[in-house]
Amino acid sequence: MLYIDTPRWPAHGRLWAHLISDVSVTELHVFAELLGVPRRAFERDHYDVPAHRVQTAIWLGASLVTGKEIVARLKAAGLRRPRHLSESARPSRAVK
């Protein structure tokens with residue numbers, strides 16, 4: 001299943017949402033490609049999605065949830081990848 005939260009994270013003059021899968025990273029990448037979100041928007045365990053694409057994500061099947069639920073679902077699925085545990089300690093290139 002795919003989930004997206006309400007766009008509330010400001011960056012680059014826009015608001016951004018988080019898109020996740022509780023099944024696999026592969027499912028997440030396929031959905032993001034279908035949505036037209038570039039791979040560079042992937043950050044460890046989620047995609048940053050601009051606000052103008054959220055309704056399309058929902059139309060394509062993502063469920064709208066809270067930011068807290070995004071984290072809870074990632075943890076429950078074993079897919080959460082906190083920054084401090086990531087393979088690379090370098091700063092993220094994805095927009096936030």
Side-chain angles (χ1 to χ4, degrees):
M1 184 78 183
L2 294 142
Y3 302 92
I4 195 161
D5 63 1
T6 302
R8 63 177 55 201
W9 312 102
H12 310 287
R14 298 181 185 184
L15 291 178
W16 300 81
H18 299 114
L19 175 69
I20 66 149
S21 166
D22 67 353
V23 173
S24 71
V25 175
T26 301
E27 178 188 48
L28 180 59
H29 290 316
V30 169
F31 190 83
E33 186 175 339
L34 178 65
L35 187 56
V37 177
R39 186 69 176 256
R40 70 179 177 271
F42 179 70
E43 187 176 336
R44 294 181 319 277
D45 55 14
H46 70 275
Y47 273 86
D48 292 322
V49 177
H52 71 273
R53 296 208 181 168
V54 170
Q55 287 303 319
T56 303
I58 293 167
W59 184 80
L60 289 171
S63 294
L64 184 64
V65 296
T66 66
K68 287 182 180 183
E69 194 165 347
I70 289 276
V71 174
R73 288 186 182 271
L74 280 172
K75 285 180 179 179
L79 296 172
R80 180 73 171 137
R81 298 218 35 209
R83 178 170 282 152
H84 73 281
L85 297 178
S86 67
E87 294 175 17
S88 170
R90 63 191 160 121
S92 170
R93 295 184 316 257
V95 290
K96 269 288 193 190

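For the numbers below, each heavy atom of this structure counts, side chains included, while hydrogens, waters and symmetry mates do not. None of these values were measured; they are calculated from a predicted model.
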Novice: State, to 0.1 Å, how close H46 and L28 come at their nearest heavy-atom pair, and which atoms those are.
Specialist: CA-CD2, 4.0 Å
Novice: F31, L74: one ILVMFWY side-chain cluster at the under-4.5 Å cut-off?
Specialist: no
Novice: Which residue pairs pass the side-chain hydrogen bond (donor to acceptor under 3.5 Å, both in side chains) test with at least one member in residues 63-72, sequence neighbours excluded?
Specialist: E69-R73
Novice: Are any side-chain N or O atoms of D22 and backbone N or O atoms of M1, one a donor and one an acceptor, separated by less than 3.5 Å?
Specialist: yes
Novice: Rounded at 0.5 Å granularity, tell me how far CG in L19 sits from CG in L35.
Specialist: 7.0 Å
Novice: Compare every heavy atom of L79 with every heavy atom of S24, then report the nearest pair and how far apart it is.
Specialist: N-CD1, 3.9 Å
Novice: Could you label the plane-to-plane angle of the H29 and Y47 rings as parallel, tilted or perpendicular, counting under 30° as parallel and over 60° as perpendicular?
Specialist: perpendicular
Novice: Within the structure provided, determine whether V65 and I70 are in side-chain contact (heavy-atom separation under 4.5 Å).
Specialist: yes
Novice: Do H18 and Y3 meet the criterion of a side-chain donor-acceptor pair at a distance under 3.5 Å?
Specialist: no
Novice: Testing the basics here: between S21 and L2, what is the closest heavy-atom pair and its distance to 0.1 Å?
Specialist: CB-CD2, 3.8 Å
Novice: Ignoring hydrogens, what is the shortest heavy-atom contact between L64 and I58? Give both atom names and the distance.
Specialist: CB-CD1, 4.0 Å
Novice: To the nearest 0.5 Å, tell me how far L15 CG sits from H52 NE2.
Specialist: 12.5 Å
Novice: As an exercise, state the distance from CG of L60 to CG of L34, rounded to the nearest 0.5 Å.
Specialist: 5.0 Å
Novice: Out of curiosity, E33 CD to R39 CZ, how far, rounded to the nearest 0.5 Å?
Specialist: 9.0 Å
Novice: Calculate, to the nearest 0.5 Å, the distance between atoms CZ and CG belonging to R53 and D48 respectively.
Specialist: 13.0 Å
Novice: More than 12 heavy atoms of other residues, nucleotides or ligands under 6.0 Å from CD of E27: is that the case?
Specialist: yes
